[in-house]
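As structure tokens, the structure follows; a few thoughts come after it.
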Amino acid sequence: MTIQQPSEAVMPRSYPPEFRRKVLDLVASGRKVAEVARLLGISDQTIYVWRRQHLIDTGQLPGTNSSYLSELAAARKRIAELEAELAIHRRAAELLGEATSPKGGSKPSV
């Protein structure tokens, strides 16, 4: 029995839109999903997900379309970046505040 190491874990792959379109065209032409999946080395489930999303994008099924999902992903990424940047600025302000604040106040001038 072989145990998969974390570096060998199966990660979702990103396929170009043209490839997805050709896969969906093959299925639409009457080829079986299992046959196309085996032929191209992708999972059946991947094809089913692509087909469902295509039906949503073309208005044949209710759901969230791809362009909205992509905008949402970009917005979430940007929010995460801004939150990280804000945390850095807050920490820097804390460190600078500790370094510049006088402990006993200033001495009166003579």
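- Looking at every heavy atom in both residues, Leu40 comes nearest to Leu26 through CD1-CD1, 4.4 Å.
- Leu55 approaches Thr58 most closely through the heavy-atom pair O-OG1, 3.2 Å.
- Distance CG/Leu61 to NE2/His54: 10.5 Å, rounded to 0.5 Å.
- Ile42 places a side-chain heavy atom less than 4.5 Å from the side chain of Tyr15.
- Listed by chain and number, the hydrophobic cluster partners of Tyr68 are Leu72, where partners are ILVMFWY side chains within reach of under 4.5 Å, directly or through others.
- Listed by first and then second residue, the side chain to side chain donor-acceptor pair (under 3.5 Å) pairs that reach into residues 26-39 are Arg31-Glu35, sequence neighbours excluded.
- Here the shortest heavy-atom pairing between Asp44 and Ala37 reads OD1-CB, 3.3 Å.
- Leu86 belongs to no hydrophobic cluster, as no Ile, Leu, Val, Met, Phe, Trp or Tyr side chain comes under 4.5 Å of its own.
- Both Val23 and Tyr48 are part of a single hydrophobic cluster, where members link through side-chain heavy atoms under 4.5 Å apart.
- Under the 4.5 Å side-chain heavy-atom criterion for Ile, Leu, Val, Met, Phe, Trp and Tyr, Ile56 and Val49 are members of distinct hydrophobic clusters.
- Among residues two or more places apart in sequence or in another chain, the side-chain contact (heavy atoms from CB on, under 4.5 Å) test is passed with Arg91 by Glu94, Leu95.
- For the 3.5 Å distance criterion, the side chains of Ser43 and Gln45 fail to qualify, holding no donor opposite an acceptor.
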Intermediate values then yes/no, side-chain contact (heavy atoms from CB on, under 4.5 Å), Glu81 and Arg78: CA-CA 5 Å; Glu81 291 169 356; Arg78 182 66 180 139; 3.4 Å; yes

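- Taking CD of Glu18 as the reference point, atom CG of Asp25 lies at 12.0 Å (rounded to 0.5 Å).
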Working for side-chain contact (heavy atoms from CB on, under 4.5 Å), residues Val27 and Trp50: CA-CA 11 Å; Val27 172; Trp50 292 350; over 6 Å; no

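- By the 4.5 Å side-chain criterion applied to Ile, Leu, Val, Met, Phe, Trp and Tyr, Leu69 is assigned to no cluster and stands alone.
- By the salt bridge (charged side-chain N to carboxylate O under 4.0 Å, His left out) test, Arg52 is found to be paired with no residue, residues two or more places apart in sequence or in another chain being considered.
- Closest approach of Ser66 to Asp57, counting heavy atoms only: OG-OD2, 2.6 Å.
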